[in-house]
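Structure, as structure tokens:
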There are 2 protein chains.
Amino acid sequence: MQGVEAFLESKSIRVTAMRILICNFLSDKHEAVALSDIEHAFDKADRTTLYRTIKTFEEKEIVHQIDDGTGVTKYALCEPNCHCDLDTDLHLHFHCTQCGSTICLTDHKIPKIKVPKGFIAEHVNLVVKGICDKCSIN
Amino acid sequence: MQGVEAFLESKSIRVTAMRILICNFLSDKHEAVALSDIEHAFDKADRTTLYRTIKTFEEKEIVHQIDDGTGVTKYALCEPNCHCDLDTDLHLHFHCTQCGSTICLTDHKIPKIKVPKGFIAEHVNLVVKGICDKCSIN
DNA sequence: TAATTCATGCAATGGAAGTGCATTAATTGA
DNA sequence: TCAATTAATGCACTTCCATTGCATGAATTA
Ligand SMILES: [Mn+2]
Ligand SMILES: [Mn+2]
Ligand SMILES: [Zn+2]
Ligand SMILES: [Zn+2]
């Protein structure tokens, strides 16, 4: 698609076939994905390339990492106005223990957390585990 | 020490030399420890034994796991009146990005987290990253 | 076009978690 | 006390994921 290429260029990410595919894959999936998910979606692609592509996306700040506690790092596209680097606009992440999916709750911001005197809070990782909306209706 | 043996027995954990050592090690350290930390503290001990000892401690609920996002699981002794299994009494964990230590902020409970309609929150993992009290004075 | 820079692919490494099985230590109960 | 049973320990091995070095291919620039 035209749009993705322009998007990547606007973030000064050089456009390649692989990068377009991965970017589209991330935007189509409405949940966070592991490297292995992408790997299985594109058999012909090498894991290292995927790894470095995601890393590039992270550095250029169109993707953010999620540590959902499963031991496998997940990734998701950032929202249009996201500032992953700053501490503003950090949203919750939800991990469903039934279907295993991890999703961004972009409308739910992390509350201000108090820490004891002498401690300096710079970043907060908050993952809620439980049953997601799709699994809870069954 | 007499105390530790009685403590283990009170939790129906069979007392062994290794378990006393590890339990003391955990209580002396005032921060969460990784398996490799214990491994290095007791060269003669086998990693598998440490692994299973910690697992036993967890099952008997005298130790809780901490996922601080470093990719290495940390462990810490539970507070006297802790109910790790339940969702009450969950305290914050702080990971210092300077000295690498991870500590329990037992006096700071995790605030109630709202999730969207249809989602059921069962557990929350919250890790604050930043500079700890010891590192911030330098 | 030639030189350079960057992306990709393959192979290998390393760390950590976890398991099977044999051996040793502790407990039970006859 | 001694034999039978059960639990703890140690060693070897495996799996999974993350990460890097190096060679090659593609794209950009001068
Ligand atoms: Mn997110
Ligand atoms: Mn704790
Ligand atoms: Zn689900
Ligand atoms: Zn520190």
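The sequence lines fix the lettering, A, B, ..., with proteins before strands; numbering per chain opens at 1.
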Using a heavy-atom cut-off of under 4.0 Å over every strand shown, decide if Arg47(A) touches base, sugar-phosphate, or nothing.
-> base
Selection from dA7(C), dG10(D), dA8(D) that lies nearest to any side-chain heavy atom of Thr48(B) | dG10(D)
Is the shortest heavy-atom distance from the side chain of Cys23(A) to the side chain of Val4(A) under 4.5 Å?
-> yes
Whole-Å distance between dA18(D) C1' and Lys74(A) NZ?
-> 15 Å
With respect to the phosphate group of dA18(D), does any side-chain polar atom (N or O) of Thr73(A) fall under 4.0 Å of OP1 or OP2?
-> yes
Looking at the side chain of Asp46(A), which of dG10(D), dG9(C), dA18(D) is the nearest nucleotide?
-> dG9(C)
Going by distance alone, is a donor N or O of one side chain under 3.5 Å from an acceptor N or O of the other, for Thr106(A) and His91(A)?
-> no
Just compare dT8(C), dA17(C), dA26(C) and give me whichever is closest to any side-chain atom of Val72(B).
-> dA17(C)
Which of these passes side-chain contact (heavy atoms from CB on, under 4.5 Å) with Leu92(A): Leu126(A), Ile103(A), Val127(A)?
-> Leu126(A)
If only side-chain N and O atoms of Thr49(B) are considered, is one of them under 4.0 Å from the OP1 or OP2 phosphate oxygen of dG10(D)?
-> yes
Look at all strands and tell whether Thr16(A) reaches a base, only sugar-phosphate, or nothing, counting heavy atoms closer than 4.0 Å.
-> sugar-phosphate
Can you tell me the distance, in whole Å, between the CD1 atom of Ile38(B) and the P atom of dA17(C)?
-> 11 Å
Take atom CG of Leu21(B) and atom P of dA8(D), then tell me their distance rounded to the nearest Å.
-> 16 Å
For DNA chain C, whose closest nucleotide is more 5', that of Tyr51(B) or that of Val15(B)?
-> Tyr51(B)
Would you call the rings of His93(B) and His64(B) parallel, tilted or perpendicular, where under 30° means parallel and over 60° means perpendicular?
-> parallel
Which sits closer to the 5' end of DNA chain C, Arg14(A) or Gly71(B), going by the nucleotide each is nearest to?
-> Arg14(A)
Nucleotide dA7(C), atom C1' - distance to CD of Glu59(A) in whole Å = 14 Å
Atom CZ of Phe42(B) and atom P of dA8(D): how far apart are they, to the nearest Å?
-> 18 Å
Between dA18(D) (P) and Asp67(A) (CG): distance, integer Å | 10 Å
Taking only side-chain nitrogens and oxygens of Thr56(A), does any of them come within less than 4.0 Å of OP1 or OP2 of dA7(C)?
-> no
For Ser36(B), which contact category applies under a 4.0 Å heavy-atom criterion: base, sugar-phosphate, or nothing?
-> nothing
Considering only side-chain heavy atoms of Arg52(B), which listed nucleotide, dA17(C), dC11(D), dA18(D), is closest?
-> dC11(D)
Ring centres under 6.0 angstrom apart (Tyr75(A), Phe57(A)) | no
Whole angstrom value for the distance that separates C1' of dA17(C) from CD of Glu39(B) = 12 Å
Between Leu35(B) (CG) and dG15(C) (C1'), how many Å, whole number?
-> 12 Å
